[in-house]
Amino acid sequence: GSDPFVVLDDADVEAAATTGAQARMQNTGQSCIAAKRILVHDAVYDEFEERFLAAVDDRVVGDPLDDDTDMGPLVSERHLEALDEQVQQSVDAGATVLRGGEPMDRAGAFYEPTVLTDVPPGCPAHDEEIFGPVAVLERVSGEDEAVEVANDTNFGLGASIWTEDRHRGEAVGRRI
């Protein structure tokens, strides 16, 4: 999946950011239905980005058998190399790294919790499924652009809409 996580201008930004970080980084980002592309309304984007980055920074990477660990290793070294190649190709194409962006300097297939923005079409972080702890934040001008961007993928399995208005959320959700 390349599932959109849409945050509208009337959302509870703190709850959306905290949940978004958890939804993206759970199982080290190796979940088919995890949030992958975080589409945030321009009116709340700056606050959301700040809170989302803080929540990502709070992730503890380590031994998955340790109760204090939030995120363990990737499935294999080969997958780690493939994920890093996707991220580096995206950065080379113009994506901006806000957090992480590299394998961790430790034994095992550990990748830094990573947040990208300014991701251009044509690069892996835009066009491919990223199966690891890599979130893509994208600013959108409103519902119509959020729906357009959400639908611009071949990998959609699920979506979430963050709003205080249930009817609005359902209406946007039906368009995705």
Side-chain angles (χ1 to χ4, degrees), residues 1-62 68-72 83 86-87 90-91 95-102 104 110-120 125-126 129-153 155-173 175-176:
S2 192
D3 302 344
F5 184 97
V6 179
V7 182
L8 298 176
D9 57 341
D10 66 339
D12 178 336
V13 174
E14 183 175 356
T18 302
T19 302
Q22 170 62 25
R24 180 64 208 122
M25 301 298 167
Q26 70 184 349
N27 199 37
T28 315
Q30 300 170 112
S31 172
C32 293
I33 59 169
K36 299 226 175 43
R37 298 174 297 134
I38 317 295
L39 313 177
V40 185
H41 191 289
D42 185 57
V44 296
Y45 182 89
D46 293 335
E47 179 186 357
F48 180 89
E49 180 184 278
E50 180 180 326
R51 291 177 182 269
F52 185 83
L53 292 173
V56 168
D57 290 343
D58 286 344
R59 310 299 298 167
V60 176
V61 180
D68 293 330
T69 295
D70 296 309
M71 211 174 84
L83 176 67
Q86 286 180 301
V87 170
S90 297
V91 170
T96 300
V97 178
L98 298 180
R99 291 294 188 276
E102 297 184 7
M104 298 181 80
F110 289 93
Y111 202 82
E112 295 175 327
T114 298
V115 181
L116 303 175
T117 191
D118 305 318
V119 175
H126 185 276
E129 181 180 18
I130 300 290
F131 207 61
V134 179
V136 173
L137 295 184
E138 186 166 345
R139 186 185 301 257
V140 294
S141 61
E143 291 177 20
D144 290 339
E145 185 179 9
V147 169
E148 181 181 327
V149 173
N151 288 334
D152 186 25
T153 183
F155 298 105
L157 293 175
S160 64
I161 313 298
W162 287 78
T163 177
E164 291 292 317
D165 182 336
R166 181 180 186 93
H167 297 292
R168 182 183 187 197
E170 289 173 354
V172 172
R175 295 170 57 200
I176 296 176

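Residue indices begin at 1 and follow the sequence shown. Worth knowing before you read on, the calculation uses all heavy atoms, side chains too, and leaves out hydrogens, waters and symmetry mates.
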Could you pull out all donor-acceptor pairs under 3.5 Å where a side-chain atom in residues 133-141 meets a protein atom, sequence neighbours excluded?
from : atom 1 : to   : atom 2 : distance (Å)
R139 : NH1    : D42  : OD1    : 2.7
R139 : NH2    : D46  : OD1    : 3.1
S141 : OG     : E145 : OE1    : 2.8

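- Applying the salt bridge (charged side-chain N to carboxylate O under 4.0 Å, His left out) rule to pairs touching residues 17-35 yields nothing, sequence neighbours excluded.
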Go through I161 and I176 one step at a time and tell me if the side-chain contact (heavy atoms from CB on, under 4.5 Å) criterion holds. CA-CA 10 Å; I161 313 298; I176 296 176; 3.6 Å; yes
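- Taking every heavy atom of both residues into account, P4 and L39 meet most closely at CB-CD1, 4.0 Å.
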Please report the C-alpha distance between L98 and T96 in whole Å, then the side-chain angles of each, then the deciding distance to 0.1 Å, and finally whether the side-chain contact (heavy atoms from CB on, under 4.5 Å) criterion is met. CA-CA 6 Å; L98 298 180; T96 300; 4.2 Å; yes
Where do D10 and R168 land on the side-chain contact (heavy atoms from CB on, under 4.5 Å) test, with the steps shown first? CA-CA 10 Å; D10 66 339; R168 182 183 187 197; 3.0 Å; yes
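- Distance alone, capped at 3.5 Å, is enough to place a donor-acceptor pair between the S90 side chain and the Q86 backbone.
- The two residues S31 and Q26 come nearest to each other via the heavy atoms OG-NE2, 4.3 Å.
- Taken to the nearest 0.5 Å, the CZ atom of R59 stands 10.5 Å off from the OG1 atom of T69.
- Atom OH of residue Y45 and atom CZ of residue F52 lie 9.5 Å apart, to the nearest 0.5 angstrom.
- Summarising the geometry, atom OH belonging to Y111 is positioned 10.5 Å from atom CE belonging to M71; distances are rounded to the nearest 0.5 Å.
- L83 approaches G132 most closely through the heavy-atom pair CD2-CA, 4.0 Å.
- Listed by first and then second residue, the salt bridge (charged side-chain N to carboxylate O under 4.0 Å, His left out) pairs involving residues 13-23 are E14-R51 (not counting sequence neighbours).
- The line from OG1 of T163 to CD of E143 is 7.5 Å long, rounded to the nearest 0.5 Å.
- Rounding to the nearest 0.5 Å places CH2 of W162 at 9.5 Å from CD of E164.
- A donor-acceptor pair under 3.5 Å is formed between the side chain of T28 and the backbone N or O of G72.
- At least one donor-acceptor pair under 3.5 Å links the side chain of T114 to the backbone N or O of G101.
- Considering SG of C32 and CZ of F131, their distance stands at 4.5 Å, rounded to 0.5 Å.
- Around CD of E50, the count of heavy atoms belonging to other residues, nucleotides or ligands within 6.0 Å does not exceed 12.
- A side-chain donor-acceptor contact under 3.5 Å links N151 to the backbone of R175.
- Side chain of R37 to main chain of V149: a donor-acceptor pair is present (N/O by atom type, distance under 3.5 Å, no hydrogens or angles).
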Set out, in order, the CA-CA distance, both residues' side-chain angles and the distance that settles side-chain contact (heavy atoms from CB on, under 4.5 Å) for V56 and M25, then state yes or no. CA-CA 8 Å; V56 168; M25 301 298 167; 4.2 Å; yes
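- Not one N or O on the side chain of D3 forms a donor-acceptor pair closer than 3.5 Å with the backbone of A35.
- Proximity of a side-chain donor or acceptor of D165 to a complementary backbone N or O of H167 within less than 3.5 Å is detected.
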